[in-house]
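Report on one structure; see the data block that follows.
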Amino acid sequence: MTQQAIDIPSSSLNDIFSAPFLLGNVGAPFVIGMAVGYFAKKMLKTALFIGGGLVVLMLAGEHYGIITINGAQLEHVADAATQAAKSSGNFLVDRLSTITTRSVSAVAGLSLGFKLG
């Protein structure tokens, strides 16, 4: 059995309701955005889990007199980590928004992926 090639007329590539246009300009950026959002949330959860574990170990060490914790320094580190998370989140949204015609689809995918992650 031989396969036959299907010729897509060039006018259908400019048609906004054609499958090639929708797949390239709506479908693929949405899936990429969803994958990035899912990965970003999983990495955020992992970082929070590790960070929380370190704080618990430090508090246990302070309880047993092994170390001394300065509360102001701990707050400063938490604020710095929060700012880093915000800037990386803004970077992802800005980067996906630079894809001009595809930005709405990519940002929607990022939001859904982040919610699902």
Side-chain angles (χ1 to χ4, degrees):
M1 184 181 259
T2 61
Q3 292 182 345
Q4 295 179 354
I6 298 174
D7 290 329
I8 299 173
S10 62
S11 63
S12 70
L13 294 176
N14 296 330
D15 181 18
I16 63 169
F17 295 111
S18 68
F21 180 84
L22 288 175
L23 183 63
N25 291 320
V26 178
F30 180 82
V31 171
I32 291 170
M34 192 168 65
V36 169
Y38 188 85
F39 177 77
K41 186 163 183 184
K42 290 296 181 184
M43 290 306 299
L44 179 64
K45 284 182 175 182
T46 303
L48 289 173
F49 179 77
I50 292 171
L54 289 173
V55 169
V56 167
L57 286 174
M58 287 188 327
L59 292 174
E62 183 182 41
H63 176 73
Y64 290 111
I66 298 170
I67 61 173
T68 303
I69 297 176
N70 183 351
Q73 284 296 97
L74 189 60
E75 281 186 39
H76 176 68
V77 170
D79 288 339
T82 303
Q83 287 298 92
K86 284 181 184 178
S87 67
S88 67
N90 289 337
F91 167 75
L92 288 175
V93 171
D94 290 342
R95 180 66 180 116
L96 287 173
S97 295
T98 59
I99 308 170
T100 55
T101 60
R102 305 167 186 155
S103 64
V104 172
S105 176
V107 171
L110 177 77
S111 301
L112 180 66
F114 199 79
K115 182 176 174 91
L116 292 175

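Quick note: residue numbers are just sequence positions, from 1.
Atoms NZ and OG1, on Lys41 and Thr46 in that order, are 12.0 Å from each other to the nearest 0.5 Å. Rounded to the nearest 0.5 angstrom, Asn70 CG and His76 NE2 are separated by 11.0 Å.
Not counting sequence neighbours, the partners of Leu54 by the side-chain contact (heavy atoms from CB on, under 4.5 Å) test are Ile50. Ile69 meets the side-chain contact (heavy atoms from CB on, under 4.5 Å) test with Met58, Leu59, Glu62, Ile67, Leu74; sequence neighbours excluded.
Residues Tyr38 and Phe30 share a hydrophobic cluster, clusters being chains of Ile/Leu/Val/Met/Phe/Trp/Tyr side chains in contact below 4.5 Å. Note on Tyr64: it does not cluster hydrophobically with Val56, by side-chain heavy-atom contacts below 4.5 Å among ILVMFWY residues.
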CA sep, side-chain torsions, deciding dist, call: Phe114, Leu44, side chain to side chain contact (heavy atoms under 4.5 Å, CB included)
CA-CA 10 Å; Phe114 199 79; Leu44 179 64; 4.1 Å; yes

